2 protein chains.
Amino acid sequence: MANIKEVASLAGVSVATVSRYFSAPEKVSKKNTDKVIKAIEQLNYKPNLLARNFTQSRSYSILVMAPLANPFLLDVIQGIQEIARIKGYTVLLVDPLEAPDDENKYYSMLETRLVEGIIDFKVQKRLNKKHGTRIDNIVTLCDYVENNPSPVVTVDDVKAAEKLVDYLVSLGHRHIGCLTGLDFIHATHHRKLGYQNALQKAGLPLSNKLMINGDFSVTSGLNAAKEYADMQPRPTAIFCMNDKMAIGIIQGLKAEGLRVPEDISVVGFDDIEFAKYCDPPLTTIRQPAKELGSSAMKLLCNLIEGKFDPETVLRPYFLPTDLIVRGSTCAVK
Amino acid sequence: MANIKEVASLAGVSVATVSRYFSAPEKVSKKNTDKVIKAIEQLNYKPNLLARNFTQSRSYSILVMAPLANPFLLDVIQGIQEIARIKGYTVLLVDPLEAPDDENKYYSMLETRLVEGIIDFKVQKRLNKKHGTRIDNIVTLCDYVENNPSPVVTVDDVKAAEKLVDYLVSLGHRHIGCLTGLDFIHATHHRKLGYQNALQKAGLPLSNKLMINGDFSVTSGLNAAKEYADMQPRPTAIFCMNDKMAIGIIQGLKAEGLRVPEDISVVGFDDIEFAKYCDPPLTTIRQPAKELGSSAMKLLCNLIEGKFDPETVLRPYFLPTDLIVRGSTCAVK
DNA sequence: TGTAAATTTGTAATCGATTACAAATTTACG
DNA sequence: CGTAAATTTGTAATCGATTACAAATTTACA
């Protein structure tokens, strides 16, 4: 395959001129531009971007670490892609849950220069060595912890969960179950806190019995349904920490011969596309998926370009959520 | 950031020895290995992979062009990822529908060396210049056309659709609607052919009236539902070319006051996760998503490594499908 | 111990671009 | 036309690794 030298010699110019034809065509005379174009055409020349990236010490790539099992993330990723495309970055995608052992390998792609930034869907376990002074071109998306080691874009999970459970309380529910998510995701703990806040405000007791540990999968919802169905007293409403589990729990409750929402109201979290189309349609919290993705990517671009305010960049950036009321909830009898 | 030269000089060895420590550690003596390790440690050295990739003229990356709107593809992508990880490739992901104009830019990433192969979810528009003689390290996944310009991994859409419509016929249905997919996807035409084959076998007339053009989205299912509800005579069964449209159509038919399956049976295609959880659960064709992805990636690896048989590589590689009968279909009254 | 074979090491060329700097050319204008 | 300024061009260094080849060292064994 032809290289820049061959193009230059065929065109009768120097390699610098050919290079400039790509990087600053306005600096090449008309005459030489024509010659270069002709030579490129003739040799079907394509610049070797591995070489270009090497000399510029830039990869024009970013890495997204996302658990693909959650369809909600698809929309988030589309938001990321949109900005990435505009800014000229390509997106590498890995699912950290598929190969947890490789996680550090992925982070080190920053140091080996393969990517210029990372969007991670959970708070990094290892903190920066010099926390607060050095920003690593990592953005945490949809997860957050106090003293987060990297900039964060997410929703206020505490407030959102609280809003959702407030709503259940307003419907008269007094026994409200809570199906949690994966323990190592901080959002799980924040949503739990919101759930507890709402109960407390309503003067309801906090009982661990009403809390079942899930893992964000439909299956864990199905399993939890049986437990809730047998529980004494049985909850009249269940808060699930994502829509997939809510869909699973609805399915499971129906199998137990219970009606949703007449016997048990169920709420989810995320507002995935299918929340509208399950039966009954799901009452849930809508996260602005695409905006989460595009905001995170914009922030990452600023980090990469060094355009950020060190004072504020570590303050979490919260996007608003909406309570979406559909058919899976009703007033308690 | 430290480079190999600094490591070499700190360790008191040549750069070649440091390089060999990574590429062929068994060729470095114990004494020097220790010195190199110490120097790497001390300088926190990470090899510049941009440089390595450049000298080796390899990117160790592949590109996946997938319309992310389809959740079925998530599983396919997981299958791709699994093999990619094992083989040491990283996966770049773009959604061609998001930026159709950039499509050629993506293909040219092969020529600019940014990726070593491409998995594309549709047959490429531009054929190879020298069709059949040169293989471009492109694998077409889930789409197929006679004289395909690149190797193909997919299912036999004709047979699968035929199997599905055979089943509807066996339930006694005589008026069977067909909601098609995007026209530029060849799978759409193959599934249409399967639908027509089944009707023909059953001695049923082929009527264009029963065919509505969809685009694989839930919305197009919703819209089609109204049309089918008003149709005279109204079909007693509808074959949708994917599950998303089937879910939309079920939703739409319910809104029109029709019962599924009692008034109209609905079948989909793909067997996405939510097919099980919609109401009623969807009768559909299961495509082996993960296997499609992993097979395509294995094939692509062989292309990249030159390990393929030019005689057979362009023959389509069909994976088996299953008819999954659930609650959205019943015998005609 | 001496010599050949095997192993380990280092020197230096190489990959294909970019780019600083100097040189050459063109343009502007009194 | 002559000179200065502006524009265009080319030379050659550079990025950080890999690797062919030769040289040095170690090992094996009579």
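So that the names make sense, note that chain A is the first sequence line, chain B the second, and so on, each numbered from 1. Here the structure is a predicted model, which is why all the values come from computation and not from measurement.
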- Message: If you assign each of B:Lys31 and B:Thr55 to its closest nucleotide in DNA chain C, which residue comes earlier from the 5' end?
- Response: B:Lys31
- Message: Both B:Val28 and B:Ser57 contact DNA chain C. Taking the nearest nucleotide for each, which residue is further toward the 5' end?
- Response: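 Closest to the 5' end, via its nearest nucleotide, is B:Val28.
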- Determine the contact category for A:Asn32: base if any of its heavy atoms lies under 4.0 Å from a base atom, sugar-phosphate if only primed atoms, P, OP1 or OP2 are that close, otherwise nothing. sugar-phosphate
Taking [atom1] from [X] and [atom2] from [N], how many angstroms apart are they, rounded to a whole number?
X	N	atom1	atom2	result
A:Arg58	C:dA17	CZ	P	19 Å
B:Ile40	D:dA17	CD1	P	10 Å
A:Gln56	D:dT14	CD	P	18 Å
B:Tyr45	D:dA17	OH	P	3 Å
A:Arg52	D:dC15	CZ	P	20 Å
A:Asn48	C:dT18	CG	C1'	13 Å
A:Leu50	C:dG16	CG	P	10 Å
B:Lys27	D:dT26	NZ	C1'	17 Å

- Task: Could you go through the salt bridge (Lys or Arg N to Asp or Glu O under 4.0 Å) check for B:Asp34 and B:Lys38 one step at a time?
- Result: CA-CA 6 Å; B:Asp34 291 344; B:Lys38 200 171 291 177; over 6 Å; no
Check whether the side chains of [X] and [Y] place a donor and an acceptor atom closer than 3.5 Å, and report yes or no.
X	Y	answer
A:Tyr21	A:Asn32	no
B:Gln124	B:Ser150	yes
A:Asp120	A:Tyr107	yes

- Query: Does B:Ser29 put a side-chain nitrogen or oxygen below 4.0 Å from OP1 or OP2 of D:dT26?
  - Reply: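 Result: no.
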- Task: Give a yes/no answer on whether the side chain of A:Asn3 brings an N or O atom under 4.0 Å of OP1 or OP2 in C:dG16.
- Result: yes
- Query: With a 4.5 Å heavy-atom cut-off, do B:Val313 and B:Leu303 have their side chains touching?
  - Reply: yes
- Query: Hey, what do you get for CD1 (B:Ile83) to CG (B:Leu300), rounding to the nearest 0.5 Å?
  - Reply: 11.5 Å
- Query: Bend across the helix from C:dT1-D:dA30 to C:dG30-D:dC1, to 10°, with axes taken over 5 pairs at each end?
  - Reply: 30°
- Message: Expected output is a numbered-order residue list: members of residues 4-24 of chain B with a heavy atom under 4.0 Å from any atom of DNA chain D. What is it?
- Response: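 B:Ile4, B:Ala16, B:Ser19 - these, ordered by number, are the residues of the stretch whose heavy atoms sit under 4.0 Å from the strand.
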- Item | Closest non-hydrogen atom pair between B:Ser61 and B:Leu92, with its separation | CB-CD1, 3.7 Å
- Task: Give the minimum heavy-atom separation between B:Tyr45 and B:Asn48, together with the two atoms involved.
- Result: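 What the structure gives for the nearest pair is OH-N, 4.4 Å.
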- Message: Less than 4.0 angstrom from a charged side-chain N to a carboxylate O is my criterion; do A:Lys122 and A:Glu103 meet it?
- Response: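 A:Glu103 and A:Lys122: salt-bridged.
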